[in-house]
Amino acid sequence: MTQKTIREALNDALRQEMRRDNNVIILGEDVAGGHGGTGVIDAYGGPLGVTKGLIGEFGANRVIDTPITESAIMGAAAGAAATGLRPIAELMFVDFMGVCFDQIFNQAAKFRYMFGGKTRTPMVIRTTIGAGMRTAAQHSQCLYHMFTSVPGLKCVMPSNAYDAKGLLIEAIRDDDPVIFFENKLLYDHACDVPDESYAIPFGEANVVREGHDITIVAFSRMVHIAEEAAKTLASEGISVEVIDPRTTSPLDEETILESVEKTGRLVVVDESAARCGMAADIAGLVAEKGFSSLKGPIIQITPPHTPVPFSPPLEDAFIPSAATVVAGVHRLLK
Amino acid sequence: MTQKTIREALNDALRQEMRRDNNVIILGEDVAGGHGGTGVIDAYGGPLGVTKGLIGEFGANRVIDTPITESAIMGAAAGAAATGLRPIAELMFVDFMGVCFDQIFNQAAKFRYMFGGKTRTPMVIRTTIGAGMRTAAQHSQCLYHMFTSVPGLKCVMPSNAYDAKGLLIEAIRDDDPVIFFENKLLYDHACDVPDESYAIPFGEANVVREGHDITIVAFSRMVHIAEEAAKTLASEGISVEVIDPRTTSPLDEETILESVEKTGRLVVVDESAARCGMAADIAGLVAEKGFSSLKGPIIQITPPHTPVPFSPPLEDAFIPSAATVVAGVHRLLK
Amino acid sequence: MGSDKNKLLDAYRRMKSIREFEERIHVENTTGEIPGFVHLYAGQEAIATAVCKHLKDSDYIGSTHRGHGHSIAKGCDINGMMAEIYGKKNGLCAGKGGSMHIADFEKGMLGANAIVGGNPPLVIGAALTAKVQGTDGVAVSFSGDGASNQGTTFESMNMAVVLQLPVVFIFENNGYGEGTGCDYAVGAESIAQRAEGFGLPAVQVDGTDFFAVEAAAKEAINRARTGQGPSAIEAVAMRFYGHFEGDPQAYRSAEELTQLRETGDCLKIFRDKVEAGKHVTKADLDQIDQEVKSVIDSAVKAAREADFPTKDDLLTDVYVSY
Amino acid sequence: MGSDKNKLLDAYRRMKSIREFEERIHVENTTGEIPGFVHLYAGQEAIATAVCKHLKDSDYIGSTHRGHGHSIAKGCDINGMMAEIYGKKNGLCAGKGGSMHIADFEKGMLGANAIVGGNPPLVIGAALTAKVQGTDGVAVSFSGDGASNQGTTFESMNMAVVLQLPVVFIFENNGYGEGTGCDYAVGAESIAQRAEGFGLPAVQVDGTDFFAVEAAAKEAINRARTGQGPSAIEAVAMRFYGHFEGDPQAYRSAEELTQLRETGDCLKIFRDKVEAGKHVTKADLDQIDQEVKSVIDSAVKAAREADFPTKDDLLTDVYVSY
Ligand SMILES: Cc1ncc(C[n+]2csc(CCOP(=O)(O)OP(=O)(O)O)c2C)c(N)n1
Ligand SMILES: Cc1ncc(C[n+]2csc(CCOP(=O)(O)OP(=O)(O)O)c2C)c(N)n1
Ligand SMILES: [Mg+2]
Ligand SMILES: [Mg+2]
């Protein structure tokens, strides 16, 4: 096993699946880069470098640079998926969903149901999420709560490199449309990642840390914030169980409910939205199906109901931090 | 006072506000209809007849038929709002948000914050929601949970004609972008509506029915479903309080929390989504801030996690009904 | 010669099937048994038929809310379509889609689409599959004049040119998008001319003339099939009925409405042309009329009698696996 | 004569201010004090300056992620801009927007926009305000070559033609959208030609030639101001720096990069032209260079020293009232 960053793990996954199946293709803006103009091809290899080198191995017929035209990209991916390819389309920042959402939520997501089960749409949309890079209101959102609410879509958000590889391989092999959310701040996050190919099934939460006083459910980068908080709390004698559902749709309800049964207390840490977000979703789930286990209120730690601000002190205050999680836990235990 | 349908009440509101303020304009597809071609102008008066007659009084400069081009419509409304008009833009079905969401959620909604408070965007988007008309997966959604999750937007969904008029007038006078959700099945719903102009403030829930055993929070057409269920339950000796928040953003948390404090039990009836929807949002709110009042789990009555089906028996089973609400209450009281 | 005759009779049968299908739905819709919105294709039959004539089952088309004609032209089963429109379990989409979502991937019918401008991005995807897999497949997008103004449509044309995809964009200009005239809503000189600006060959043809559409489609589809990239065709033909069934059509003058069937009936025009030729007789065509009528009769009968899906079907087929 | 001279000096001062602003950010960015993404406008100064010369404060422009030049050209306060880019509380957007969201409604600057294709729909809205209110206001949309392929841009052009809005679409073709060449991504013959297909007058001009842009803009803006509807201008000029600061630019050849400033520097070209004329001397321009330098110096100094917003500011200005 070698240490790999999430960026490398994703590149691994893409390369291995493209070798395995000629129908796997990649399309998006600057997934190679350098078409037209005077320079070299693969100048970018993806705006964040994830698809670097793939055009060299698989050629421009399978690693396809497109104009800036997200509806056409997402629609082309959906149409190609429905007719025999397994496209991986890149939506550079999830914030751009507003110019192409129809092709995702009304078309790709609904094909199978609308058409009475007679079609499959095995496409993956890779996109980036998350605040913390000072990229302000239109380049820092998470938005996966919106996708999670759409029947027909699957939503995946790895928090580490091992999961990133296994979940992306699973996503590519999956026969339904999958949105794969990559947190921009985690690309350089590294851990042991096998060189060989492996898939991690959807709907199986990862219990990142076991504990018995309180359950924290967290998503994507917030898993690391939760772990940090858990460490602080451990030093105070509070034992925290941290759960990373890894996929929000399907969601591993069981693992969450079992944990709350054990701890009786739940904090959800989520960056997506203060209203109708993933934190509310998990809280609602437990308030219905796990109510009898609850010893106290369910605390949601989310950003405030504001756009993402640009200025560093504001953005730092916007994102849930270990300190706000710890404070939330204290509030709960009081 | 005269009995008016929601359709008439909305027409009233539009007409009165357009008389009051020359900067109020309407734009959208077939808001008049009949431009070009060989027939008469105002052939439609809005696809569902709400804007009928307005072009006659206010002219084509203020009641503007557009091509089918929702991004340009929503963007034009936002740009016009930021520069001095008070546009009312029509999004024929909320299902079409996927082709214009960017202009709503990244532009109009975020202007004020991104620009440091130096601008106002007094626009209203009128749109239609709701299943029950056999219009299948792309013409039957509610989707207001997605808008509710967006900071900077206000979300309004009247359940009766009185509220429809007062809330629309408030929306037009409001200085923030407001999305006004009209349930297609309620247009002919009538009640007493004053002829004169009046405004209903946002963020003030309507307690539709008082009760002490259980609180039902419901939105838009689901308010009527909840009332129907409440009647049945009353005959069983169960006293139900029905709350219609009328606006989801801002949300009248106080009225909901006070009611739950009294009843100790909460059912949320909502058509928007089974995951990350309004039901989860309300459940999450109460599980955090009203936990100590709760005597049992919070029940969410929503459609299943499926697209809206076409066939009548399927669609009927999809939409929450009085019977499913009653069953939910029974489950809770068991 | 015999093959010429057969081709003409086939074309007529397709067009007539569409006409009869739509005329019959127009009538049956008044019974209240057909749920939801229906948008009829009557008047535009020559377009779908002449285009799809050049396509194989393995080629794809993407359609609109007004999709019955495209579906029949592409070979979808008429009984399955009718059952779908009635919301029945044996419908082409198991009753889950209805009129606005009829699809049949076996026949290369990618789906009607209730989002205006919804299909062009999908259709370039089908063309991309053909290109990547190296088949000689072609994909055709049908859009209305109204849809020609939608951003998704423009994006798809540009992407098709950039990637040189085997795709043809058919713009059916029937004069109106809902209640708004094309002369108002399309700012350009013509839809074809605007498309040409995107860098693809584009022509305007008379959509009531089967042979004019056939010739233009042949050229464009051949171009796509032989790797020479995308094309666009604007075909002009008015719809006979309202935007949807129940539309009072005040946006059309009485004069326009009465003239429609006299001067703009593609079936009449076809008949006049072929009856004047030597292959086909009036009797041949009359016989097809009879046959088609009975096909539609029995489709309606079967659809009315078929079973609705049951509640259990509500939760199936959201995902392949979940 | 004196007024001619002043106009030339004003134009030079604007262009030079943009250049100096961007060159300085290019340097300061390496200190790590500037948060987030910055996209520099250096190389394209003549375009924004020549266009905005014809606009009043009450006219509006909409801009892109590469918006510093447009902002300065439209008259935004340089100190306020610099403070904003540094994320400071006294910035034009109180530190909440940053480089990609600079706006100043008092100056008719509707905002930089981090969504490619985000501004054209908004700009037609500003034009709609002028039309409805019956003012002679004009609105100008700046978009890149990459943005010219976005559906929102196309929709806006069509809507502008249909409603005959007082708007001008400027397409700044700097050869690339991120790392992809315009020659690859724009399928059309040219951006101008494609725009023309939408039914609005469109021309292509040399964007390094202030006077060429000025003449084209004058005509187009005059057309808008006098109620004759929308126009489009494609102005060609390369950016000097990468897509964003830090971009290694492997998609450009070394040759292209070295030639840029020699043959494509709009400031040099302007200087050569006006110094050859009789109104303006080299000394006049050198003096402006000095003055501009000190303006930018003090803007950077002030921005660095200014206060950040505080946590309390996080929750303000989401709504006017809530
Ligand atoms: C995105 C979107 N906008 C609006 C509508 C409502 N709508 C349905 S059909 C239609 C008119 C379409 O006109 P055209 O493209 O000319 O097709 P035609 O109906 O004439 O066949 C409209 C506006 C829709 N379904 N989707
Ligand atoms: C909708 C959307 N898609 C993609 C991006 C990422 N992006 C930012 S700038 C840019 C290139 C824009 O190119 P162009 O319009 O030519 O402007 P230039 O950068 O050359 O000034 C891209 C792809 C974005 N911000 N928004
Ligand atoms: Mg039409
Ligand atoms: Mg560019």
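Protein chains get the first letters and strands the later ones, always in sequence-line order, with residue 1 at the start of each.
- Side-chain contact between B/S249 and A/H305 is present, with heavy atoms from C-beta onward closer than 4.5 Å.
- Of all heavy-atom pairs between B/I298 and A/E288, the closest is O-CB, 3.1 Å.
- Taking 4.5 Å as the limit, every side-chain heavy atom of A/I299 sits out of range of all side-chain heavy atoms of B/F291.
- With respect to chain B, the highest number of heavy-atom pairs below 4.5 Å among A/S272, A/A274, A/P151, A/G290 belongs to A/P151.
- Here A/A280 is the residue among A/A136, A/A280, A/S292, A/S71 with the most heavy-atom pairs under 4.5 Å with chain B.
- Annotation: side chain of B/S149 is in contact with side chain of A/H145 (closest heavy-atom distance under 4.5 Å).
- Using a 4.5 Å cut-off between heavy atoms, B/V150 contacts chain A through both its backbone and its side chain.
- Only the side chain of B/M114 comes within less than 4.5 Å of a heavy atom in chain A; its backbone stays farther off.
- Annotation: side chain of B/N106 is in contact with side chain of A/Q141 (closest heavy-atom distance under 4.5 Å).
- A/M146 touches chain B through backbone and side chain together, each having a heavy atom under 4.5 Å away.
- Between A/F96 and B/D102, every side-chain heavy-atom pair lies at or beyond the 4.5 Å cut-off.
- Of all the listed residues (B/L332, B/L251, B/L285), the one sharing the greatest number of non-hydrogen pairs under 4.5 Å with chain A is B/L251.
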Could you go step by step and tell me if A/F105 and B/M97 meet the side-chain contact (heavy atoms from CB on, under 4.5 Å) rule?
CA-CA 10 Å; A/F105 98 107; B/M97 58 86 89; 4.0 Å; yes
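- Neither the backbone nor the side chain of B/R112 has a heavy atom closer than 4.5 Å to any heavy atom of chain A.
- By number of non-hydrogen pairs under 4.5 angstrom with chain B, the leading residue of A/G152, A/G284, A/A283, A/C276 is A/C276.
- Most heavy-atom pairs under 4.5 Å with chain A, from the set B/A109, B/P304, B/P309, B/A279: that is B/P309.
- Both the backbone and the side chain of A/A137 come within less than 4.5 Å of a heavy atom in chain B.
- Taking the side chain as every heavy atom from C-beta outward, B/V308 and A/K110 never approach each other to under 4.5 Å.
- Around NZ of A/K118, the count of heavy atoms belonging to other residues, nucleotides or ligands within 6.0 Å exceeds 12.
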